[in-house]
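Below is one structure; the comments refer to it alone.
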Amino acid sequence: MDRKPRIGIMTGGGDCPGLNAAIRASAKTAIKEGYEVIGIHNGWQGLLEHDDEILTWVHTSGIIDRGGTILGTSRVSPLRVENGVQRVHDRINVLGLDSIVAMGGEGSLSLCYKMYQQGIPIVGIPKTIDNDVRETDFSIGFQTAVQIATDALDRLRSTAESHHRVMLLEVMGRNTGWIATYAGMSNGADEITIPEIPLTEERLEVLCERLRKRRAKGIKFSIVVVAEGTQLPGVIAPIPENNPEIKETIAPKPGVAQILGNIIQERTGLETRVSTLGYIQRGGTPVAYDRVLATAFGVKAIDLVKEKKYGEMTALHGTRIVGVPLGKVANGVKTVNLNAYGVAKRFFA
Ligand code: F6P
């Protein structure tokens, strides 16, 4: 008897809100199209270790609002283990998978492209709070991280105002400043520092002077958003050497905001405090935007599978959901559009 075609679904790299919405959308769309769906646990590790499960309609119901990923994730790469590629091929054959829908950030999608070149029939879905995946306007998880960071900044504003302090908040984003730019703009922050604009000694002094002038004008507090990859003079660049295969990079050293806060307090004499948002901005339920984007990407991914457009990734171009070649996405990050940063900068003191 002819068996049903089978699709594997997996999530790799850092988790983010919206992943389960994408798993739900791709699994349910595939089931409706007559596929059987295999959930692969913990990214490529699941294929290497034969760790997977059948995903049913029921199993993927009620998860659209859940943070994280029901499949688990990892940064394991078959390219870095003994005979990894062959073991993946063998497992795909045993499972009878016709294709794999892989959800990942810039590093994981770069790996997906390499595995596609090794003959694995892959369709990618861009997800990462960093929004640093090229060829798509937004990735799943970004808008939720921006909302979480904005809520935190709004809370910091009230305590900064009460204590007449300069308040810094360090946000994630690895080697780009998308979260800092969007959350800073939405909070009306007084300063935003991003990796794309290294804080040279000169820029640092200009920033401190703006804070002094704000205080001199009688505004008794300031809010400064610091992307974790911000480059400070004399501070060892926290941006690690990206490993395009698995992005096993260690995230930029947390603490850059504390260093900047100490400098600000020393140079301006203004009482300064620092908070780091850390993994809070990567957890919990996705905002509606990310649920919708994840659903649209999940549906599009199955369309690409049906059309056998392997080696492509779903992408958002304006309001359109399209497929783009993974080769155009791999091995590079989408840095902040400095026009967008320029809009935020118009309001710095
Ligand atoms: O790529 C998403 C991200 O949250 C980055 O913003 C952050 O620098 C990194 O992952 C943290 O990596 P890990 O979860 O391995 O500590």
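Both counts, for ligands and for their atoms, begin at 1 and track the order of listing.
Numbered from 1 in the order shown, with element, the atoms of ligand 1 that lie under 4.0 Å from a heavy atom of E228 read 5 (C), 6 (O), 7 (C), 8 (O). Distances below 4.0 Å separate heavy atoms of R75 from the following atoms of ligand 1: 10 (O), 12 (O), 13 (P), 14 (O), 15 (O).
A heavy-atom separation below 4.0 Å is not found between G105 and ligand 1.
A pairwise comparison of heavy atoms in V81 and R87 identifies CG2-NH1, 4.1 Å as the closest pair. Nearest heavy-atom pair, I7 versus L97, reported as atom, atom and distance to 0.1 Å: C-CD2, 3.9 Å.
Looking at Q281, M172, R174, E106, it is R174 that brings a heavy atom closest to atom 9 (C) of ligand 1. Nearest-heavy-atom check against atom 1 (O) of ligand 1 across T176, D130, N131, V171 picks out D130.
Ion pairing between R291 and D65 fails under the 4.0 Å rule for side-chain N and carboxylate O.
Between F138 and F142, the ring planes lie parallel to each other; the angle is under 30°, not in the 30° to 60° tilted range.
The shortest N or O to N or O distance between G173 and ligand 1 is below 3.5 Å.
In the hydrophobic clustering (ILVMFWY side chains linked at under 4.5 Å, chained through shared members), M185 is joined by V343.
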